[in-house]
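Below is one structure, written out as structure tokens, with a few remarks after it.
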Amino acid sequence: MKSIAKKIELKPPQILVIGFAAIILLGATLLSLPISSASGQPTLFIDALFTATSATCVTGLVVVDTGSHYSMFGQIVIISLIQIGGLGFMTMATLFAFVLRKRISLKERLILQEAMNQGSMEGIVRLIRRVLVYSLTIEFVAAVIFSIRWSFDLGIAKGIYFGIFHAISFFNNAGFDLFGSVVAPFTSLTTYADDWIVNIVSMGLIILGGIGFVVMSDVVDYKKHKRLSLHSKVVLSTTGLLIVVGAIIIFIFEFTNQKTLGSLNWSGKILASLFQSVSPRTAGANSIDIGAMRQASQFFIIILMFIGASPGSTGGGIKTTTFTTLIGAMIAMIRGKEDIVLFHYRLGKDRILKAITLTMIALFLVIFVTMLLTTTENQSFLKLLFEVTSAFGTVGLTMGVTPDLSFFGKIMISLTMFAGRLGPLTLAYALGPKAEKELYRYPEGKITIG
């Protein structure tokens with residue numbers, strides 16, 4: 001019996017994969033029920049499965065408009081999936097353990113370590129407690145501000161409901177919105193392109209949700225320790241640089257485009273440029289029409305979506321730290337240096353190999369899925385590449401492809417969202433054989449590079 005138990009014992013990455021899959025199937029089942037749709041008719045299971053995957057993987061791609069298609073019950077199911085998917089089902093399970101005063105076992109700590117992408121179990125329970133406090137506090141404050149703002153437009157009851165829904169959605173970088181029931185389907189925040197309150201709060205939520213809970217905790221403790229970790233320095237500097245550079249590039253490319261920034265005043269142009277620079281960092285909301293942007297801007301957004309958010313956050317992509325490590329390796333090679341040095345710290349070879357491996361797996365996945373979809377979907381290559389990268393980065397931005405996807409296309413995009421949320425390496429560890437320690441090393445060989 002013991003040998004059988006050992007054979008079926010699951011590794012932490014496998015538990016995460018199974019856990020997320022189970023939540024998605026439960027959510028899909030609930031969303032397919034007649035009670036979940038505004039019309040009272042059952043939703044096609046493939047559409048419900050796609051929506052549940054998008055919500056749990058905090059992506060935001062939708063085949064039917066959330067605000068107009070789903071009833072309040074369906075919308076509550078979606079926002080619940082977003083909260084569970086954004087914070088992680090193990091984090092939510094830990095919340096219940098705290099409430100019930102239940103002890104966190106070693107196995108659960110290992111799973112939490114894998115879920116939060118931490119190098120060790122030290123302080124993992126304390127980190128989870130902070131994650132819950134920070135998340136609920138930030139969402140509550142944002143919900144209050146949103147509720148007050150939208151009460152003027154929608155009435156008090158609807159304003160409060162919209163405030164709570166969008167605070168949770170944006171902080172978890174999901175990008176789901178309800179404005180399809182107010183303006184028109186798939187409009188997102190386009191009617192608030194020049195609204196300072198909505199834009200600033202939304203961007204604040206997206207950035208805070210995207211930098212990672214470890215960085216948030218480090219920043220909060222800065223007054224006590226008077227220093228930031230190398231990880232936090234890299235995340236904050238890379239995030240800030242990408243947002244500023246992204247906003248400038250989008251502003252330049254779209255300045256004269258009457259379908260996007262051209263019709264806005266100067267403050268609207270600046271706000272929209274900033275918002276569209278922040279949003280591709282896995283948020284998925286948009287304040288201008290993505291499909292109407294110039295191809296140069298669309299391709300640049302693809303790059304931002306592929307980079308994504310930061311480790312231990314609610315976002316996806318290869319992550320900012322991976323991108324910085326690759327840039328550091330390139331600069332070190334060009335300058336003839338042996339080590340990658342960031343903020344006076346040298347990076348270990350294992351960090352570099354992990355960054356290269358993660359990027360190559362992500363690149364192969366995006367290329368492979370895009371190639372498949374070009375044979376099944378009647379869409380241009382750029383639109384499909386945009387859609388697949390958005391799914392992998394758990395972003396949710398689209399050029400209008402999602403509602404027209406075929407059955408095969410919906411399945412492939414759903415799988416891509418699933419892989420993007422869990423992370424290519426976690427998925428590889430879960431599906432691959434157990435790693436064994438090498439007993440010997442082969443002699444070193446040399447090949448010509450470049």
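Note on D47 versus K410: salt bridge recorded, some NZ/NE/NH1/NH2 to OD/OE distance being below 4.0 Å.
Side-chain atoms of T238 do not come within 3.5 Å of backbone N or O of V235 as any donor-acceptor pair. Panel note: side chain N199, backbone D195; a donor-acceptor pair is recorded below 3.5 Å. At least one donor-acceptor pair under 3.5 Å links the side chain of T59 to the backbone N or O of C57. The backbone N or O of G262 sits nowhere less than 3.5 Å from a side-chain atom of N257 that would complete a donor-acceptor pair. The main-chain N or O of F165 is never found under 3.5 Å from a side-chain atom of S169 such that the two would form a donor-acceptor pair. S80 places a side-chain N or O within 3.5 Å of a backbone atom of I76 that can act as its donor or acceptor partner. A donor-acceptor pair is defined here as one N or O able to donate and one able to accept, closer than 3.5 Å; no such pair exists between the side chain of S135 and the backbone of L132. Formation of a donor-acceptor pair under 3.5 Å by the S36 side chain with backbone atoms of S32 is not found in this model.
Residues V401 and L384 form a side-chain contact, since some pair of their non-hydrogen atoms from C-beta on lies under 4.5 Å apart. Residues M417 and S54 have side chains in contact (heavy-atom distance under 4.5 Å, counting atoms from C-beta outward). The shortest side-chain heavy-atom distance between M305 and F392 does not fall under the 4.5 Å cut-off.
A 6.0 Å sphere centred on CG of N265 holds more than 12 heavy atoms belonging to other residues, nucleotides or ligands. Within 6.0 Å of CZ on F45 lie more than 12 heavy atoms contributed by other residues, nucleotides or ligands. Within 6.0 Å of atom CD1 in I156, 12 or fewer heavy atoms from other residues, nucleotides or ligands are found, so the atom counts as exposed in its surroundings. Dense packing is recorded around CZ of F408, with more than 12 heavy atoms of other residues, nucleotides or ligands lying under 6.0 Å away.
Defined by atom type and a distance below 3.5 Å, a donor-acceptor pair is present between the side-chain atoms of S406 and E377. For T187 and T190, the side-chain atoms include no donor-acceptor pair closer than 3.5 Å. The closest side-chain donor-acceptor pair between Q379 and E387, if any, does not fall under 3.5 angstrom.
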*asked:* Pair D221, R130 - check salt bridge (Lys or Arg N to Asp or Glu O under 4.0 Å), show working.
replied: CA-CA 12 Å; D221 289 340; R130 285 191 166 196; 2.7 Å; yes
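Between W150 and F162, the two ring planes are perpendicular [angle over 60°; tilted spans 30° to 60°].
With H166 as the partner, the ring pair (Phe, Tyr, Trp, His ring centres under 6.0 Å) test is satisfied by one option alone out of Y192, Y161, F179, F176: F179.
Cation-pi geometry between K269 and F251 is not met at under 6.0 angstrom from the ring centre and within 45 degrees of the axis.
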